[in-house]
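Reviewing the structure listed below.
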There are 4 protein chains.
Amino acid sequence: MSRSADTWIMTAQCPSRLGTVDVVTRFLKESRCYITEQQSFDDSLAEHFFIRTEFRPLDADFDPEDFHARFAPRAAEFGMAFDLTAPDSRVPVVIMVSKADHCLNDLLYRYRTGQLPIEIRAVVSNHPDLKPLADWHGLPYHHFPVTAETKAEQEARVWGVIEETGAELVILARYMQVLSSELCERLAGRAINIHHSLLPGFKGAKPYHQAYAKGVKLVGATAHYINDDLDEGPIITQGVESVSHVDYPEDLVEKGRDIERLTLARAVAYHVERRVFLNDQRTVVFTR
Amino acid sequence: MSRSADTWIMTAQCPSRLGTVDVVTRFLKESRCYITEQQSFDDSLAEHFFIRTEFRPLDADFDPEDFHARFAPRAAEFGMAFDLTAPDSRVPVVIMVSKADHCLNDLLYRYRTGQLPIEIRAVVSNHPDLKPLADWHGLPYHHFPVTAETKAEQEARVWGVIEETGAELVILARYMQVLSSELCERLAGRAINIHHSLLPGFKGAKPYHQAYAKGVKLVGATAHYINDDLDEGPIITQGVESVSHVDYPEDLVEKGRDIERLTLARAVAYHVERRVFLNDQRTVVFTR
Amino acid sequence: MSRSADTWIMTAQCPSRLGTVDVVTRFLKESRCYITEQQSFDDSLAEHFFIRTEFRPLDADFDPEDFHARFAPRAAEFGMAFDLTAPDSRVPVVIMVSKADHCLNDLLYRYRTGQLPIEIRAVVSNHPDLKPLADWHGLPYHHFPVTAETKAEQEARVWGVIEETGAELVILARYMQVLSSELCERLAGRAINIHHSLLPGFKGAKPYHQAYAKGVKLVGATAHYINDDLDEGPIITQGVESVSHVDYPEDLVEKGRDIERLTLARAVAYHVERRVFLNDQRTVVFTR
Amino acid sequence: MSRSADTWIMTAQCPSRLGTVDVVTRFLKESRCYITEQQSFDDSLAEHFFIRTEFRPLDADFDPEDFHARFAPRAAEFGMAFDLTAPDSRVPVVIMVSKADHCLNDLLYRYRTGQLPIEIRAVVSNHPDLKPLADWHGLPYHHFPVTAETKAEQEARVWGVIEETGAELVILARYMQVLSSELCERLAGRAINIHHSLLPGFKGAKPYHQAYAKGVKLVGATAHYINDDLDEGPIITQGVESVSHVDYPEDLVEKGRDIERLTLARAVAYHVERRVFLNDQRTVVFTR
């Protein structure tokens, strides 16, 4: 959303301990950083602390490297990891797709109109179908076909693109291939997948057909980080839609498209706005 | 809702065949019954037809028995089962509870204020706790404790109440005992249970604790007919609510109460307004 | 949604009277048309009847003109207007826009992927900005600038396009000009506008700024037919989204985009699927 | 929700200035108060700062009066108003009703089951109807009839009850009388009203009938603080529900009851959990 042009984001996390908020906010004040929004949460079961702050430096010569260097020793005392995000920063992204274009089209629209602070460096697909869409947006499109035999090789090419482009985030926008454990591990915490069901319900293939068979009255979509168990990574956000007896499986597929793309776009926005923290198998998400 | 004082409901179903709508609507016209609302659906996979009609008899001497007798032969040609519900009819109900009172309190409120066309004949529980609530509403309260050893006997007493009261519908308003297969079968299609998850996700015990462990961002409730597999009967309606990282399991339990009671009340309303049809393991629900 | 390839739609309406359903369904049966879904409603205050039927002709040589000719006399007896829509029919459409592209982009996506049974014949705008988007979809784009002085002339050109293209439906997808009463009247009942508030709240200009000033916690969008009073035409559907104190007016504008385009797309789908009936200043909408 | 038994709440607000967060969090750390959740917001248009903190004192002998005395001078430097809420505190409440009982019944249920940390000191009504409900909950019920002539006198009696009971919060749970400006002013910021529309739409009498006339597809409810202009006070929260052409005005009234009581209960919870701050004609609400 409309973070103003001079607003930085600071995120931090560490084991629970007295003074975790203070060490952050005191430093910000001393550094003449004006806090406009702040949320913190201390997970009493996991005994872990999370904080997200938006601030405006009051001095024109604010230097993030200097900020980092000066705060590092204080953070170290708390075992605190922290991160600064500049007002104009854009997360470098690679998007992976197959043939369905509803999620890609939505992400490209938000990218093109500046609604998502991302920089799409490449679109990768195991099919050629969506190349014209990428072309029109002036984006490189890599068609890497895949078979059972060539999977390792194909994933190496995918990984090559991720490395070469310097992508920080990979978005699986209805990429219909199961990634190998190796690639999953490499992408853990930095790849977001959209699954077309309310996980953990209807894992695996054809979730809408499963949903039809069970006669559910709500279908949904789940955006989550991938980890080694494909449909089991930490959930970022979920969306839901009402259905009824008139909806045959193909209707569910069609109805689900809107909720899939909205849910994925929301998850990506949360991620790049630094609202999401991994918390073991779960997430902390400081929504607006 | 506010069905007017002279409005009858006719429901019918039969195998798919040309003329299923016509046989109903033609008869209604010939009987000078004025249709105010009608919905029909023909399930092309199950090859079964469902119809629900609200109508006002134009003649003061409308006689449902005569209507029934005259329509029966036409229905028989189609293998059609049909049912008439009078404007002032109230479905006789037995409610089963344990200790949690949020669903019971909600049903009693709607009953007391005339929002639900039901007649509660008895409240049955394996605990004494909710007796004062039933007392205040002037309702018989049967406390039938149960142990593993006395289960068969206890269920016989429960069944006795259902039979004696002439209950057409049994509402399991957070009754925390697993019913035996025998009782489940006897109640198939005429007992509504509320399960505190979005079935088929999180079946079984402690669904909110399961949901917490999985880190879901939505929790829900499912109202369904019971059948022999307890949390697997045909779903009538489902409700959902957003949760976040600040919600510990006990918060989910608390947050879930509103969605449970609203979902159960909606299912009961659909049932007694004759909006729900069993369709094998699924339901057809003509909502408003 | 996925109406199957052989399913026709019949809609009809007339003053309330005994036999309105029967006259339709009897004829369908006699014509060997198999009803798959049907909804009817009799408005007891307006004393008007509405019906929508989906059916499959059982005979391969189904002839809609013959159907029409044979049913017309029966309809006439009831003062009934009726309409048939073929399985493969596509409503010819002109879309009007200004500079904002979120609604246009969404409609073009659904059009391109066959989700909306429409045929976009032209895009008309008072600005040149969205021409590339229309170009990429291979659609004619008419840039008709407008000033207070040239309004009559510009509207004549707009009307010219509507006439020449044979558009049945005009979609005002964030066209930011007030139409003259003359054009409004010509388009009454066949032009759908999206207004970015929950009408009748926040009529007129800058509704999100009005909403901010009032401190509302929900914002919304309204899709409605235009009539002579611009933001007052019969409402087809409305959508809503939660907002909070952190949302400044420009955030509301941004947040509102999703709900605007979803609400407009839903209204268009309802219209072209023949689900919407005008009922004086209100609508009857047979949703799924 | 389940704030744990040792968790205090601190809220504070003051004009915007560098160091507003720091002055709070530094003091909490020095006082060995462990922050479990914190949210702050600086309104850049109003130039005002708001903060809400949940914390656990690490020392057994935590003394709120001492805390208050020691923090007061620091707060004074910032022109900061602040407040402490004890873990076991319950807000003393007077509820005002007329004849409709859905909101009262809901509040009493939540009160009785400990879901709302309030202490209901009295129920006041201009009608005798709801006395039995109050009686069953063991609550004093004051029946103060009112006419145009006796309004001043009646309001004096109402005010007498508020004063004598020491009520901090007055809940207008569908009290169908317009309060005088004098009483409104006395209650400004400490009385919550539920209005049965999405304010500012449909102010005044019979909002559901207004909604029907306009043919809206969503109805809603608004919980707000009262001020001198009755239906115009700062909004706390709003709820919404879909309706359709089949809903006559009396159906809207009936459908609206659930959303009214849920919206009012949510507003009361936000208030007593110290989540709501007045911000001129708007509110800041730190939701969970």
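Only a predicted model underlies this, so the values are computations on that prediction, with no experimental measurement involved. These values consider heavy atoms only, across backbone and side chains, with no hydrogens, waters or symmetry-generated copies. The chains referred to below are lettered A, B, ... by the order of the sequence lines, with proteins before strands, and numbering in each begins at 1.
Contact of the D/Gln238 side chain with the C/Val216 side chain is registered, since non-hydrogen atoms from C-beta on lie closer than 4.5 Å. Between D/Lys217 and C/Thr283 the shortest side-chain heavy-atom distance falls below 4.5 Å.
Chain C forms the most heavy-atom pairs under 4.5 Å with one residue out of D/Gln210, D/Arg282, D/Gln281, and that residue is D/Arg282. Of the residues considered (C/Asn279, C/Val240, C/Val246), C/Val246 shows the highest number of contacts with chain D, using heavy-atom pairs under 4.5 Å. Per-residue heavy-atom pair counts under 4.5 Å with chain C were compared for D/Pro234, D/Ala211, D/Ser44, and the maximum is reached by D/Ser44. Across D/Val285, D/Thr237, D/Thr287, the residue that shares the most heavy-atom pairs under 4.5 angstrom with chain C is D/Val285.
Heavy-atom distances place both the backbone and the side chain of C/Leu218 under 4.5 Å from chain D. Both the backbone and the side chain of C/Leu45 come within contact range of chain D, judged by heavy atoms closer than 4.5 Å. Neither the backbone nor the side chain of D/Thr222 comes within contact range of chain C; no heavy atom of the residue lies under 4.5 Å from a heavy atom of that chain. For chain D, no part of C/Ser197 is nearby; none of its heavy atoms comes within less than 4.5 Å. In this structure, no portion of D/Asp280 lies under 4.5 Å from any heavy atom of chain C. There is no contact between C/Phe50 and chain D, counting heavy-atom distances below 4.5 Å. For C/Phe286, the parts sitting under 4.5 Å from any heavy atom of chain D are the backbone and the side chain alike. Contact annotation for C/Ala213: only backbone heavy atoms (N, CA, C, O) come within less than 4.5 Å of a heavy atom of chain D.
In terms of heavy atoms, C/Pro200 sits closest to D/Lys214 at CG-CG, 4.1 Å. Minimum interatomic distance between C/Tyr248 and D/Asp42 (heavy atoms only, all atoms of both residues): OH-O, 3.5 Å.
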